[in-house]
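The structure appears right after this line, and notes come after that.
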Amino acid sequence: MTKYIFVTGGVVSSLGKGLTSASIGMLLEHRGLTVRLQKLDPYLNVDPGLFSPAQHGEVYVLDDGSTTDIDLGHYERFTNTPLTWNSSWTTGQIYQRVFEKERRGEYQGTTVQVIPHVTNEIKHCIAWLGGSGVDVVIVEIGGTVGDIESQPHMEAIRQFPLDVGKENCLYIHLTLIPFLKAARELKTKPTQHSVGQLRQIGIQPDILICRTEVPLSREERAKIGLFCNIVAESVIEEKDKEFSIYEVPVRLHEHKLDQLIVEKLRIHNAGSLELNDWHELLDRIRNPVHEITVAVVGEYAATPDAYKSTLEAIDHAGIAHRTRIRTLRIPSRQTFQNETRQELRKADAIIVSGNFGESEIEGKIEAVRIAREHEIPFLGIGLGMQCAVIEFARNVLNLEGAHSTEYDKNTPHPVVCLRTDHRSPATQEGIPKTGADTAVFLLPSRISDAYGNRPLASERFRYRYEFNNHYRDQWEQSTMRLSAQSADGLLVQAVELPEHPWFVAVQFHPEFKSQPTKPHPLFYSLIAKTIKK
């Protein structure tokens, strides 16, 4: 029988429910259990792919093409659980399914209500992930207890034990214990109120995970437990981390969270826990040998979560090389300023990342030029590859006015154009490509070297504009190599400069396939070259 863990949050938002859920999943996987993870978001948006990075952080892309909330990136970086379209649901998507059923007559003319129709749909989405071969399903409820938007989700998870049995469900509540520096004491009252709100809904937390700046004493845990109707042993400290977010699962294990979960859910097939790989990871973080600076150029550079996976992938490669990486987040609109240009020239490596919405593309093209002319190791991702193609066309091939038709429909040299524009004139709107596809490497090449001379790899894409094949012959006679393509040979997926110390740009998004113990080959190779340089 599948067990279900529901993770809720209280007091304030941004406590790290996604990171905590991912850490729980990692610990249970390390105990030999099969885990699935799911995020239920309270937003009315139907398409998370339209979230603004400035407000919600990056849009995360799954193999099946689903565009999801940023938290699913934590799930994949910490665990090996397969994520699909059913791993992420917004309230808008739930209501859309209800409306579709109503239009098909499935409700047989009854009045459609939040209870039971919306809550039943939420429960149905949760139950989909369970079943044969799945030991534990971890469901993160977005938002904070008390939010009006999350009330249907709270009601649905309250009802869920009635369907599958209370012995198969566990409620974990993540809360904040603020530390008042003036009084030099922790305050438990906000947590008491948060748990009180949950209990009014009909949910009694089984475990409390308490975010705190300072350690919780035995007395404080006992007090929290007494007022929240939880035994003190089920009050778990999650202290702010000094070095890295990758400390979280190790510290939760030290507080016996995984054992508590196994015991409360009576999971009899859980093995012993072995965390040698994670301890080695933390040792590499604490004891670096090298230190370098990597500049990440993007429109939303002031919002770190907008490039969360890219920044994490950089760190993964740094960890593998025992290298502390100082990341400069540079807004693309600033690259024409003298001070910013100096920063870029002094950087040990430059990454021009992908984008959503308005792009400040000329600033990104300028960053590519600096990397190329000053022989600074460079990685272009998504739009970053398109910028590399445009910069090379203008400044090396002398194609004056070269551009992407996304930003200049009247460019005399559309070296980047809508997908299919140059394949089928009848298709002018472009067909978005999202999700996993095969990248075929042209040997020998810098990119194939990074992948250990493998002939191909599965990578994730999210784009509508691509290299214009009308210019392919001209490129093949130039010093910029077309080094990867789609399996059908129609899409150029990577370009590189063989004479440059390390200059690779790819149409896909390698950051989505990187994990802390398995850095992506391109980031690994970039940092390796940067250290040697």
Side-chain angles (χ1 to χ4, degrees), residues 4-25 27 37 39-42 71 74 138-151 153-158 169-181 183-241 245 247-261 264-265:
Y4 295 86
I5 298 174
F6 299 104
V7 180
T8 59
V11 182
V12 295
S13 59
S14 302
L15 282 180
K17 291 192 303 297
L19 185 58
T20 300
S21 299
S23 297
I24 293 169
L27 291 173
L37 287 120
K39 174 73 180 289
L40 299 179
D41 257 322
D71 279 330
H74 289 309
I138 302 170
V139 182
E140 175 193 349
I141 309 299
T144 306
V145 173
D147 293 346
I148 191 170
E149 297 94 342
S150 61
Q151 286 181 1
H153 297 93
M154 294 298 179
E155 173 61 19
I157 67 172
R158 181 198 69 79
C169 294
L170 185 76
Y171 297 108
I172 297 179
H173 190 53
L174 182 66
T175 182
L176 176 69
I177 308 291
F179 178 69
L180 298 186
K181 293 182 180 178
R184 300 199 60 79
E185 63 178 347
L186 290 164
K187 291 296 182 182
T188 65
K189 188 63 71 175
T191 291
Q192 295 174 37
H193 285 307
S194 181
V195 172
Q197 286 182 299
L198 267 180
R199 294 173 70 184
Q200 287 177 3
I201 296 169
I203 297 173
Q204 169 61 55
D206 299 288
I207 297 174
L208 274 182
I209 299 180
C210 302
R211 287 293 308 273
T212 174
E213 294 180 49
V214 298
L216 291 175
S217 67
R218 184 187 298 272
E219 291 73 23
E220 286 161 338
R221 290 173 63 200
K223 177 182 177 182
I224 294 169
L226 176 64
F227 284 96
C228 296
N229 198 34
I230 298 173
V231 295
E233 289 73 21
S234 295
V235 178
I236 305 295
E237 171 191 305
E238 188 176 326
K239 187 173 175 291
D240 295 349
K241 300 304 170 284
I245 61 172
E247 290 183 83
V248 173
V250 175
R251 299 296 167 250
L252 291 177
H253 167 64
E254 290 175 353
H255 291 289
K256 302 180 180 180
L257 175 62
D258 55 298
Q259 184 61 32
L260 198 59
I261 291 171
K264 284 182 176 290
L265 285 174

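In what follows, residues are counted from 1 in the order of the sequence shown. None of these values were measured; they are calculated from a predicted model.
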Of the non-hydrogen atoms in [X] and [Y], which two are nearest, and what is the gap between them?
X	Y	answer
Ala232	Ala222	CB-CA, 3.9 Å
Leu252	Ser23	CD1-CB, 4.0 Å
Pro190	Val11	O-CG2, 3.6 Å

What pairs with [X] under side chain to side chain donor-acceptor pair (under 3.5 Å), at least two apart in sequence or on another chain?
X	result
His173	Thr8, Ser194
Arg221	none
Lys187	Glu185
Glu155	Arg158, Gln159

Return the set of residues passing side chain to side chain contact (heavy atoms under 4.5 Å, CB included) with [X] (not counting sequence neighbours), or none when no residue passes.
X	value
Glu237	Thr212, Pro215, Leu216, Lys239, His255
Glu233	Val231
Phe227	Gln192, Lys223

State the [atom1]-[atom2] distance between [X] and [Y], to the nearest 0.5 angstrom.
X	Y	atom1	atom2	answer
Glu238	Leu257	CD	CG	9.0 Å
Ile24	Ile261	CD1	CD1	4.5 Å
Ile236	Leu174	CD1	CG	12.0 Å
Leu170	Leu260	CG	CG	8.0 Å
Thr175	Leu15	OG1	CG	7.0 Å
Thr188	Leu176	OG1	CG	11.5 Å

- Side-chain (Ser150) to main-chain (His153) donor-acceptor, under 3.5 angstrom: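 Checking the backbone N and O of His153 against the side chain of Ser150, no donor-acceptor pair under 3.5 Å is found.
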- Indicate yes or no for a side-chain donor-acceptor contact from Gln259 to the backbone of Lys256 under 3.5 Å, with no hydrogens or angles considered. no
- Item | Glu219: partners by salt bridge (charged side-chain N to carboxylate O under 4.0 Å, His left out), with sequence neighbours left out |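 So Glu219 forms no salt bridge (charged side-chain N to carboxylate O under 4.0 Å, His left out) with any residue.
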- Query: Listed by chain and number, what are the salt bridge (charged side-chain N to carboxylate O under 4.0 Å, His left out) partners of Glu140, not counting sequence neighbours?
  - Reply: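 With sequence neighbours excluded, Glu140 shows a salt bridge (charged side-chain N to carboxylate O under 4.0 Å, His left out) to Lys39, given in chain and number order.
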- Query: Is there any salt bridge (Lys or Arg N to Asp or Glu O under 4.0 Å) pair reaching into residues 6-20, and which pairs are they, with sequence neighbours excluded?
  - Reply: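 Matches after skipping sequence neighbours: none remain.
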- Kindly state each residue pair satisfying salt bridge (Lys or Arg N to Asp or Glu O under 4.0 Å) with at least one member in residues 189-198, sequence neighbours excluded. none
- May I ask you to check whether over 12 heavy atoms, not counting those of Leu180, lie within 6.0 Å of atom CG? yes
Side chains of [X] and [Y]: does their closest heavy-atom pair fall under 4.5 Å?
X	Y	answer
His253	Val250	no
Cys210	Val235	yes
Thr20	Ile172	no

Distance-only donor-acceptor hits, side chain of residues 195-209, under 3.5 Å, sequence neighbours excluded:
from: Arg199; atom 1: NE; to: Gln204; atom 2: OE1; distance (Å): 3.2
from: Gln204; atom 1: OE1; to: Asn229; atom 2: ND2; distance (Å): 3.4
from: Gln204; atom 1: NE2; to: Cys228; atom 2: O; distance (Å): 3.2
from: Gln204; atom 1: NE2; to: Asn229; atom 2: O; distance (Å): 3.4
from: Asp206; atom 1: OD2; to: Tyr171; atom 2: N; distance (Å): 2.8

